[in-house]
Amino acid sequence: MKESLHYLLMANHLLFQKSLLAGIKDINLTPGQPKILDYLLFHDCAVQKEIAEACHIEPATITSVLLGMEKKGLIVRKNINGNRRSLYVCLTNKGKLLAEQVELRFGVIEKKALLGFNDEEKEMLTAFLTRINKNLINKGVVNDEKN
């Protein structure tokens with residue numbers, strides 16, 4: 001039986017997630033927190049809305065995830081440059097250390113996942129997945145399942 005694209009994408013996502021959570025279980029992160037830590041590692045002090053969009057998390061959900069991260073001392077929220085309208089989410093030292101551990105774990109999983117792929121195949125896979133992502137975003141599939 002030939003596997004469908006949707007099945008393969010979902011199965012691979014699940015395997016990636018399981019591997020990540022197994023690899024970081026000792027640092028007590030919830031499933032939504034690693035991708036936020038990863039984002040903030042490269043975009044420190046970002047507005048909550050930007051984080052939600054980049055991590056594909058609903059605004060209501062990100063509020064509770066960030067609250068949990070704040071309670072663990074991984075992030076702080078603060079005003080920057082006197083902008084009182086926007087609170088920025090910034091990594092603490094503890095958060096940065098965990099973000100670096102998460103980044104290392106992502107690298108290990110990617111290396112395993114791409115075992116046997118040459119550089120050209122890796123670039124092609126990335127290009128194909130990027131196109132799929134853009135198609136789904138630009139064609140409104142996320143908000144309109146009828147298309």
Side-chain angles (χ1 to χ4, degrees), residues 1-70 72 74-77 80-81 83 86-147:
M1 175 176 117
K2 184 177 177 186
E3 302 293 351
S4 66
L5 177 64
H6 73 269
Y7 174 81
L8 290 170
L9 289 172
M10 288 188 298
N12 286 320
H13 172 72
L14 236 161
L15 290 169
F16 197 99
Q17 189 78 356
K18 278 184 173 181
S19 182
L20 175 67
L21 293 176
I24 60 170
K25 67 180 176 225
D26 56 326
I27 56 177
N28 196 27
L29 294 176
T30 63
Q33 293 174 344
K35 61 184 165 185
I36 293 172
L37 286 173
D38 187 55
Y39 180 81
L40 287 173
L41 185 61
F42 298 101
H43 305 90
D44 196 18
C45 293
V47 178
Q48 182 171 318
K49 182 179 177 183
E50 294 170 8
I51 299 168
E53 288 173 5
C55 295
H56 305 284
I57 300 173
E58 294 296 320
T61 303
I62 196 152
T63 299
S64 64
V65 174
L66 290 175
L67 184 60
M69 293 174 74
E70 198 169 28
K72 291 178 183 178
L74 304 178
I75 61 163
V76 293
R77 299 177 211 219
I80 296 180
N81 298 327
N83 182 351
S86 296
L87 277 179
Y88 287 80
V89 178
C90 306
L91 288 173
T92 62
N93 288 336
K94 179 180 177 182
K96 186 171 185 195
L97 287 173
L98 285 181
E100 290 168 349
Q101 289 178 22
V102 167
E103 179 66 17
L104 287 173
R105 186 64 193 161
F106 278 141
V108 168
I109 298 167
E110 284 183 24
K111 190 173 183 176
K112 287 179 184 177
L114 297 173
L115 195 64
F117 284 70
N118 64 37
D119 289 341
E120 183 182 355
E121 290 170 327
K122 291 175 189 177
E123 287 177 23
M124 287 174 57
L125 177 60
T126 301
F128 291 151
L129 291 172
T130 300
R131 283 172 50 192
I132 289 171
N133 185 268
K134 285 180 181 177
N135 287 343
L136 293 175
I137 290 170
N138 294 335
K139 300 301 178 193
V141 175
V142 174
N143 297 321
D144 182 11
E145 288 83 24
K146 295 177 184 176
N147 290 338

For E120, give me all partners under side-chain contact (heavy atoms from CB on, under 4.5 Å), at least two apart in sequence or on another chain. N118, M124
So, using side-chain contact (heavy atoms from CB on, under 4.5 Å) as the criterion, who are the partners of P59 when residues are at least two apart? none
Would you list the pairs meeting disulfide (SG to SG under 2.5 Å) in which at least one residue belongs to residues 89-131, sequence neighbours left out? C45-C90
Side chains of residues 8-18: which donor-acceptor pairs under 3.5 Å do they make with residues two or more places apart or in other chains?
residue	atom	partner	partner atom	Å
N12	ND2	L8	O	3.0

Looking only at heavy atoms, the pair that brings L66 and I75 closest together is O-CD1, 3.4 Å
When every non-hydrogen atom of V65 is compared with those of I36, the smallest separation belongs to CG1-CD1, 3.4 Å
Could you work out, with side-chain contact (heavy atoms from CB on, under 4.5 Å) as the rule, every residue matching K122, not counting sequence neighbours? L114, F117, D119
Tell me the side chain to side chain donor-acceptor pair (under 3.5 Å) pairs involving residues 124-133, sequence neighbours left out? none
May I have the list of side-chain donor-acceptor pairs in residues 91-101 shorter than 3.5 Å, sequence neighbours left out?
residue	atom	partner	partner atom	Å
T92	OG1	G73	O	2.5
T92	OG1	L74	O	3.2
T92	OG1	K94	N	3.4
T92	OG1	G95	N	3.0
K94	NZ	K72	O	2.9

Which residues share a side-chain contact (heavy atoms from CB on, under 4.5 Å) with S19, sequence neighbours left out: R105, I109
Over all atoms of both residues, closest heavy-atom pair of G32 and I57: O-CD1, 4.4 Å
For T61, which residues count as a side-chain hydrogen bond (donor to acceptor under 3.5 Å, both in side chains) partner, sequence neighbours excluded? none
For E70, give me all partners under side-chain hydrogen bond (donor to acceptor under 3.5 Å, both in side chains), at least two apart in sequence or on another chain. R77
Nearest 0.5 Å please: distance from the CZ atom of F106 over to the CD1 atom of I24. 7.5 Å
Which is it for L87 and Q48 under the side-chain contact (heavy atoms from CB on, under 4.5 Å) test, yes or no, and what are the steps along the way? CA-CA 7 Å; L87 277 179; Q48 182 171 318; over 6 Å; no
Minimum heavy-atom separation for L20 to P34, with atom names? CD2-CB, 3.7 Å
In Å and rounded to the nearest 0.5 Å, what is the CZ to CG distance from F128 to L5? 12.0 Å
Pairs where residues 41-60 contributes a residue and the test ring pair (Phe, Tyr, Trp, His ring centres under 6.0 Å) is met, not counting sequence neighbours: Y39-H43
By the disulfide (SG to SG under 2.5 Å) test, which pairs, at least two apart or in different chains, include something from residues 101-136? none
Gap between atom CG of L29 and atom CE of M69 - 0.5 Å precision: 7.5 Å
